[in-house]
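Counting from 1, the numbers follow the sequence of the chain as shown.
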Amino acid sequence: MADTMRGVYTNLTEIRRKVFREVARIAYQDRTDEETGAELDRLPYDIIPGEVATYRESIFLERAIVAQRIRLAMGLSLQDVDQPDHISAGLEAACGTESYYEPPLVNIIKFACNGCQDNVYKVGKYCQGCLAHPCREICPKGAISFKNKKALIDQEKCIKCGRCFSVCPYHAIHHHTRPCSDACGMDAIRTDEHGRADIDYDKCVSCGQCLVNCPFGAIADKSQIFQVIRAIRAGEEVIAAVAPAFVGQYGGKGEVGKLRAALVTIGFSSVEEVALGADLCTIQEAHDFMDEVPDKLPFMATSCCPAWAAMAKKEFPEQAECISMALTPMVLTARLIKSKHPNARVAFIGPCAAKKLEARRRTIRSEVDFVLTFEEVQAMLDTVGVEYTKLEPEDTSDFQEASEDGRSFAVAGGVAQAVVNLIKDEDPDREVKVESAHGLRECRALLKKAAKGAYDGYLLEGMGCPGGCVAGAGTLRPIQKSTAMVKMYAKRAPKKNANENSYSDELKNLIKE
């Protein structure tokens, strides 16, 4: 059931992006903090104008929800509903270009939640009251009875085994789940005392799949869009590091030169490909695999997806040492940038909500200053009025360093394939067995088998989002189209594997720093 809304432009999509656009517009203006606060307080009335509700039972509720989305887009925390306050309360915490949001990253706006039923089996109108009664006969708890020739399920007795669901010849029994819970591969969505969704942050890895699958727009993550623009407006050197999934996200034919021009137009000093860092990540993981598997470690799992790595360490601590210690492409690219531009601020631009969590780690804050999703950057382009396909392309000759394998990291299977290709390049006789999973529920199943010895000697790849990074919560385009664009762009790379990257020796030195 999860991911049914992906690629469909809905009213929720428009509201979410309008909030980003309006926050970006305010950030680009020369305003005092007092003027900014006043404009923020007015913003819900601009986004939801008029007197009649369009989406919910009350226009006041619509504005209240938008107000909280504005706060999250500013990087601020949700407000308590039982305390009167301005939207702009605490604005000073968001106005500094050095500010990081306070956790949690992913938030549920409780009064926007529909209180959907979760994991409930119910009989629908197509029940025929058949003579066989297979649903009743198979129920181990006697929870099913018949009244007026229709089946009834006693929810007090039902143990949610689903046997009745599987045997009904008319498919009249339905399994109701929360869309957010269904999308959460960590089983981190629970129900609070009011029947609304709640997040168990001890389990959550901030993949963001819940927020793109909630049909009521009740879930949102915090953003640094305001802080990035403030840094640009303050005259700081802010360099964009674009993730391998960037190709095709902004429409057109994936004209990289034009996209680079667009990012410069909205204020970034320059643009670098994170595929450079992906090449070094490949080198490090390939060498670690050859050195450690199976003599020191039973298997090795890739490290570049922060949601996958966090899940593995949370749920499989005894196998934690099997997760590669290689720095992620984001961090390695940021290190390369800062080795050449020591005073620059690095803004990672990608598809991933979990990268925001990764960048908050104390060991990474000095490398990566900001994390923006493609959706947030699109808001910046819209605000400035940039249609990148109409721009004159900038020179991208320096983009020829990243390999085809490095550019393929964005697609499920791409990371493992890059590592395998490099191992074969250095040791042609070595066989590398690979198993991969994408989507956190599948990733957990993969590691559960690995913990039992099913994948000894294997290289395991995990991607938290179904389909890989191209399906991240901050993407703009349908997953299949994005996948095709990434593969086409990767094939145009003059270098095929990570060893051909001329920055590789320079990048290797960055690991030791």
Side-chain angles (χ1 to χ4, degrees), residues 75 94 96-106 205-208 221-232 234 236-246 263 266-281 284 303-310 324-377 380 402 406 409-410 464 469 472-475 503 506-507 509-513:
T97 62
E98 300 285 344
S99 65
Y100 281 81
Y101 64 84
E102 291 299 318
L105 169 63
V106 179
V205 294
S206 300
C207 69
D221 61 341
K222 292 176 180 175
S223 172
Q224 286 182 299
I225 187 171
F226 187 82
Q227 291 76 23
V228 171
I229 297 171
R230 278 294 184 102
I232 289 171
E236 297 189 46
E237 183 183 14
V238 183
I239 297 176
V242 292
F246 80 103
L263 293 176
I266 62 176
F268 292 102
S269 304
S270 60
V271 185
E272 298 289 347
E273 267 194 289
V274 173
L276 286 171
D279 280 340
L280 179 57
C281 182
Q284 190 176 359
S303 67
C304 69
C305 172
W308 147 264
S324 170
M325 294 300 292
L327 295 172
T328 64
M330 175 182 77
V331 176
L332 290 166
T333 306
R335 282 193 178 184
L336 176 64
I337 291 171
K338 291 202 171 185
S339 70
K340 299 178 180 297
H341 304 269
N343 297 319
R345 312 286 295 282
V346 174
F348 174 81
I349 298 172
C352 183
K355 283 293 182 185
K356 298 180 180 182
L357 197 66
E358 180 186 350
R360 281 197 80 259
R361 295 176 193 160
R362 291 179 182 176
T363 55
I364 295 176
R365 283 190 180 191
S366 60
E367 320 281 4
V368 181
D369 300 276
F370 308 108
V371 174
L372 294 175
T373 64
F374 296 131
E375 191 173 47
E376 290 160 352
V377 171
M380 294 170 67
F409 262 49
C469 301
T475 53
Y503 279 108
E506 185 176 352
L507 284 166
N509 293 329
L510 298 174
I511 297 176
K512 304 172 185 177
E513 294 181 1

Any sub-3.5 Å donor-acceptor pair from [X]'s side-chain atoms to [Y]'s backbone N or O?
| X | Y | value |
| --- | --- | --- |
| T333 | G277 | yes |
| T373 | P351 | no |
| D369 | V346 | yes |
| S303 | A326 | yes |
| Q224 | V371 | yes |

Completion exercise
Rounded to the nearest 0.5 angstrom, the CG-CZ distance for L276 and R335 is 15.5 Å

Fill in the blank from the handout: dist L280:CG -> L327:CG (nearest 0.5 Å) comes out at 8.0 Å

Handout entry: Residue list, salt bridge (charged side-chain N to carboxylate O under 4.0 Å, His left out) with E272, at least two apart or on another chain
Key = none

Are any non-hydrogen side-chain atoms of [X] and [Y] less than 4.5 angstrom apart?
| X | Y | result |
| --- | --- | --- |
| V242 | L263 | yes |
| P244 | C469 | no |
| F246 | I349 | no |
| L332 | C281 | yes |
| L372 | M380 | yes |
| F268 | V228 | yes |
| V368 | K355 | no |

Handout entry: Test side-chain hydrogen bond (donor to acceptor under 3.5 Å, both in side chains) applied to S223 - qualifying residues, sequence neighbours left out
Key = E376

